[in-house]
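Reading through the structure tokens given below for one structure.
The model shown is predicted, which means the values in this text are computed figures rather than measured ones. Here is how names work: the chains are called A, B, and so on, in the same order as the sequence lines, proteins then strands, and each is numbered from 1.
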Amino acid sequence: MKKYVLDLKVTANIKLNDNYVLLKFTTLNDEVLPEMLPGQFAEVRIDGSPNTFLRRPISVNYIDKSKNELWLLIQLVGVGTRKLSEKREGNTVNMVLPLGNTFSNPNPGEKILLIGGGVGTAPMLFLGQSLREKGFEPVFLLGARSSKDVLQVSDFQKNGEVLITTEDGSAGEKGYVTQHSVLIDRHFDRIYTCGPKPMMIAVAAYAKAKGIVCEASLENMMACGIGACLCCVEDTQEGHLCVCKEGPVFNIEKLKWQI
Amino acid sequence: MKKYVLDLKVTANIKLNDNYVLLKFTTLNDEVLPEMLPGQFAEVRIDGSPNTFLRRPISVNYIDKSKNELWLLIQLVGVGTRKLSEKREGNTVNMVLPLGNTFSNPNPGEKILLIGGGVGTAPMLFLGQSLREKGFEPVFLLGARSSKDVLQVSDFQKNGEVLITTEDGSAGEKGYVTQHSVLIDRHFDRIYTCGPKPMMIAVAAYAKAKGIVCEASLENMMACGIGACLCCVEDTQEGHLCVCKEGPVFNIEKLKWQI
Amino acid sequence: MADLRVNIGGMVMKNPVMTASGTFGYGEEFADFIDLSCLGGIIVKGTTLRHREGNPYPRMAETPSGMLNAVGLQNKGVDYFVKEIYPRIKEVDTNMLVNVSGSCIDDYAITAEKIAALEKIPAIELNISCPNVKEGGMAFGTSCKSAAAVVKAVRKVYTKTLIVKLSPNVTDITEIARSVEAEGADSVSLINTLLGMAIDSRTRRPILSTITGGLSGPCVKPIALRMVWQTCKAVKIPVIGLGGIMNATDAIEFLLAGATAIQIGTANFIDPQITTKVVDGINEYLDRNGCKSVSEIIGGLVV
Amino acid sequence: MADLRVNIGGMVMKNPVMTASGTFGYGEEFADFIDLSCLGGIIVKGTTLRHREGNPYPRMAETPSGMLNAVGLQNKGVDYFVKEIYPRIKEVDTNMLVNVSGSCIDDYAITAEKIAALEKIPAIELNISCPNVKEGGMAFGTSCKSAAAVVKAVRKVYTKTLIVKLSPNVTDITEIARSVEAEGADSVSLINTLLGMAIDSRTRRPILSTITGGLSGPCVKPIALRMVWQTCKAVKIPVIGLGGIMNATDAIEFLLAGATAIQIGTANFIDPQITTKVVDGINEYLDRNGCKSVSEIIGGLVV
Ligand SMILES: Cc1cc2nc3c(=O)[nH]c(=O)nc-3n(C[C@H](O)[C@H](O)[C@H](O)COP(=O)(O)OP(=O)(O)OC[C@H]3O[C@@H](n4cnc5c(N)ncnc54)[C@H](O)[C@@H]3O)c2cc1C
Ligand SMILES: Cc1cc2nc3c(=O)[nH]c(=O)nc-3n(C[C@H](O)[C@H](O)[C@H](O)COP(=O)(O)OP(=O)(O)OC[C@H]3O[C@@H](n4cnc5c(N)ncnc54)[C@H](O)[C@@H]3O)c2cc1C
Ligand SMILES: Cc1cc2nc3c(=O)[nH]c(=O)nc-3n(C[C@H](O)[C@H](O)[C@H](O)COP(=O)(O)O)c2cc1C
Ligand SMILES: Cc1cc2nc3c(=O)[nH]c(=O)nc-3n(C[C@H](O)[C@H](O)[C@H](O)COP(=O)(O)O)c2cc1C
Ligand code: FES
Ligand code: FES
């Protein structure tokens, strides 16, 4: 897929809570946004932030084709994401996109579970929409600290059933995603996951034990985002692979996680 | 005079033309602004500008005591001044002030000419106001490229007679300040000047030839602004002196200019 | 449009803008963003005799106006390069150079010899300055004797343009430059990365798996510029300048300091189109200043 | 409130935060902004035997995340210091140190001897690493032999705490550190500035009157941190770390790397209150991490 360096214009800045902002972007001259796939990401340049020298990788959260809009869900963790979250309607942001691979296509009829934790729910929305369009009925399992951190629920609900766990029990079941009863009660053929590494490892261990196909989307530190610097590598059965190019999505069988 | 590190709040951002912005500031909690003297300056921190590591020295343009306002006149020359000029009402800017010395007190009854060129007119307004308050009748001679670069004329006029030269003749007399007829037609006892170095050297040469007391305000590159780093020195009869501490105002007799 | 051509030890380039090894992949990664044939040269990833997996993750830390890397020469080895990669890139209409590294002198020589056989590779850049590998690498570039020994061995088997990339982690880089010049190097390129370190105060651990790594980006530019200027005065062979070049103005500063060509590294990560922008920027500068050829500004610093 | 006290070769400091020579004047310049007695120590401007006018203007260039300076040790000489400045600053309730420079070994020794006589100066810092003077300065700090010779001569006449400030412009800073330790230095401080250069492409001239100058500020922090870490492993005497410290987190990184104390230089220009903020920040970090004393984190890097 062809990659672009683009200035995109903010069309909306929606504060979801103290730690999360949803930014919507469109093109400057009404050209159609480049085609993007679920799991892919953008390398976003953060201007006006002396301590943010490198671009920041941010997943495609959603593509609203009808409005020609790209959504990015931003968790405010440091200076870069904070600066980005200050962008207002009309501001432009420079991005390199679309980057990385995508999730594999499920086989017809498969029951699919999408597990997202924290900001790792971001790519799950786009993936869920895409699966829905292809005729699947994805189930979403979203994990968060507490109810206020469960984001974009109504958007998820448009694309499938939504299950929730929170660490404090303030929404859905109490505990971690891997403790949700659905994992005991129901059968899935395929799991896609994105979230904090310990969560993904637990999900992978569950999938492996049950013999379920499982793909995880990794978030290694990146410099270039395009496979040129070899900084973002993950150790795999095939050696060091670039998360930015051969990933971010990997079948867990390929990874060397201790599961 | 005690120096302060202060966050000041922008109360107005007035675009004077494509190259100049007038910023007005007040304190955050209605405390009275520190006392400042004509010729003194502030070291202004420029946030959100990766290429502006050091503070930028900016002269006190005017103190509006009735409104508790500090005015800074900014010429947009590089990234730092441009970033500063983007500050809007309500934004805060961090400054170290007041820094440097001041112009000497004239003797009673002296005829005083204030010559400013380019952004060097900035300190002349505050100086003129202060002289006026002390009962003098300062004459202002302002030099600029063309009429649109002649700034704050009505403010100057409140404090004395205003004469103008422009390089293209679009306002006042055509030519450089040192070619203005007033220098031939009238007698002055004292000249204060600030502007581009070649202009100040020409003014100094004129003053010296005529035996007129003359003080010039220099604009050497600064790192600290408080006499700690010794980066901003000017070669003088007393050796290398700091423009930020022993200056910025020097009697031309003290300087080693070739005049 | 000024004449931008320069000559590095017999290798003619359309313009003085090259890409720095390890920051531009094999060029292919940037083909979506720029027309590769507009570049003076592309220096591909550090290549070693044998396959190397490089260092464990994490390999990167962001620093004020720069970054540390500890990639450690991950590459599939020279044979893989010859068989798989060379055929893919050999038709790119620019100078394709290979950056050669080794953990002993023989490795350097054998690798160089294998690349000498590739028709469309007009030059190699000997990396005697990689701070991210345990044996060899930077060790060769920090003493005149070992630097000279590597170059001597490679010079015997490699007759095309031989560029030697110098380490800035030395007391006097001009000494090393002179010693490789004496062994027949056609050019020196500098600087490689400066050895640095980053610590996470929260975890109390080094950020890089290797503890230390190589610093690059605009933070090192003042040091690079100084070393290029010193080296240009010390040797007669052309010098290729790099280290922190982010735009055409930076590139012009290196040319003024005496560099015949320049390389762009880390800046490719910030703007994947920066290389061609720098070519355009140099051209505009020359036009604006009434220069007919880039040679008019090379070494043109007024001191 | 943790115990912040540290001991540098017999000199006890309230806390590990000192100011770097040449960036803090004689302390007086900052008295309006902070309470000087809250600092662990103040190192005043580089002092030489005789009055020096320093280098011509321009002496400063801004660089990405840093600056170059070429002040060249402007000062009125040690006798002026003893007569005029010492009486003014001797009552400040902190350790007042003098940074001593010279253009030959005798100059160092005579200057040190004169300062030894001042009761309220508990230590000197020998600057064998100034890149901005024609003779002496950095030259002494770039070879083990000359570094050792200076320290030997000064050690003979100076019995109080002797700190030696090292140059980063060397292949192996640990060698130099070991050689001055062997001559009886009580501590080493590092790093001084890195030699750099800046060019104005418009005028085609160097920006500094001296062409090259010393680089400081956050851009050099990764290099400084690496050198401090290496040196702490190489010597037994306490190491004072500096180079690019802008906030408490940076300072803590140096302590974790093994520095017993730290100095703040260029950051004073950006925020004249930074030194006391760093003291507070270190204290908060220790409290947050349940440390009773700063000694618990010195050298606490987990590798
Ligand atoms: C493929 C991918 C997709 C991502 N998608 C999203 C997303 O949709 N929404 C979102 O909010 N975040 C996403 N992230 C994480 C996001 O990139 C980091 O949170 C961001 O870079 C932190 O920058 P900062 O300046 O705010 O924080 P910093 O203060 O720089 O760092 C805070 C922490 O963020 C991480 N981080 C910093 N720099 C990078 C980098 N260059 N690459 C990777 N991680 C880094 C580190 O763990 C660091 O400790 C994604 C990361 C990757 C690799
Ligand atoms: C005492 C004094 C009073 C001043 N008063 C005013 C004023 O009232 N209004 C105003 O607009 N400007 C004033 N200046 C000039 C102003 O400081 C510079 O224009 C500004 O620093 C440029 O910053 P920049 O980032 O926009 O440009 P840059 O791109 O950094 O530099 C452009 C040019 O500005 C000058 N400059 C850059 N940095 C400094 C520095 N640290 N110190 C001095 N000069 C520098 C240099 O000549 C440089 O070539 C004053 C300078 C001094 C020393
Ligand atoms: C991620 C990364 C990988 C690098 N790999 C190599 C390499 O394989 N061989 C080499 O000679 N230099 C390598 N370098 C050094 C660069 O080629 C260059 O010398 C250095 O980064 C300074 O230039 P810059 O500041 O423009 O990046 C690498 C640099 C980076 C940042
Ligand atoms: C303007 C300036 C003047 C300096 N003068 C001296 C000096 O006289 N003696 C000395 O040993 N170091 C001097 N230094 C070096 C600093 O003390 C310090 O080693 C260096 O700046 C690195 O620390 P920093 O990055 O915190 O500034 C000077 C640095 C600057 C920026
Ligand atoms: S971030 Fe550069 S290769 Fe992945
Ligand atoms: S700017 Fe530091 S002494 Fe004047």
Legend entry - W229(C) and T212(D): CA distance, side-chain angles, deciding distance, side chain to side chain contact (heavy atoms under 4.5 Å, CB included) verdict: CA-CA 10 Å; W229(C) 180 72; T212(D) 60; 4.1 Å; yes
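- Comparing P168(C), A224(C), G196(C) by heavy-atom pairs within less than 4.5 Å of chain D, the highest count is held by G196(C).
- Closest heavy-atom contact between V170(C) and T171(D): CA-OG1, 3.2 Å.
- Looking at S201(D), both its backbone and its side chain come within 4.5 Å of chain C, counting heavy atoms on both sides.
- Residue R204(D) comes nearest to C291(C) through the heavy atom pair NH2-SG, 3.7 Å, listed as atom of the first residue, atom of the second, then distance.
- F254(C) does not touch chain D: none of its heavy atoms, backbone or side chain, sits under 4.5 Å away.
- Note that the CD1 atom of I199(D) and the CG atom of L255(C) stand 9.5 Å from one another [nearest 0.5 Å].
- For chain D, the nearby parts of A257(C) are the backbone and the side chain; heavy atoms of each come within less than 4.5 Å.
- Using a 4.5 Å cut-off between heavy atoms, L194(D) contacts chain C through its side chain alone, with no backbone atom that close.
- In this structure, the portions of L301(D) lying under 4.5 Å from any heavy atom of chain C include both its backbone and its side chain.
- With values rounded to the nearest 0.5 angstrom, M197(C) atom CE is found 13.0 Å from M227(D) atom CE.
- Only the side chain of L68(C) comes within contact range of chain D, judged by heavy atoms closer than 4.5 Å.
- Nearest heavy-atom pair, V302(D) versus P206(C), reported as atom, atom and distance to 0.1 Å: O-CD, 3.2 Å.
- Remark: the backbone N or O of C219(D) is not paired with any side-chain donor or acceptor of S65(C) at under 3.5 angstrom.
- Most heavy-atom pairs under 4.5 Å with chain D: of the set L225(C), T63(C), V303(C), this distinction falls to L225(C).
- Taking each heavy atom of Q230(C) and L195(D) in turn, the nearest pair found is NE2-CD2, 4.0 Å.
- The two residues L215(D) and P222(C) make their nearest non-hydrogen contact at CD1-CG, 3.9 Å.
- The residue among V228(D), V220(D), D250(D), L256(D) with the most heavy atom pairs within less than 4.5 Å of chain C is L256(D).
- Open room surrounds NZ on K292(D); 12 or fewer heavy atoms of other groups in view lie less than 6.0 Å from it.
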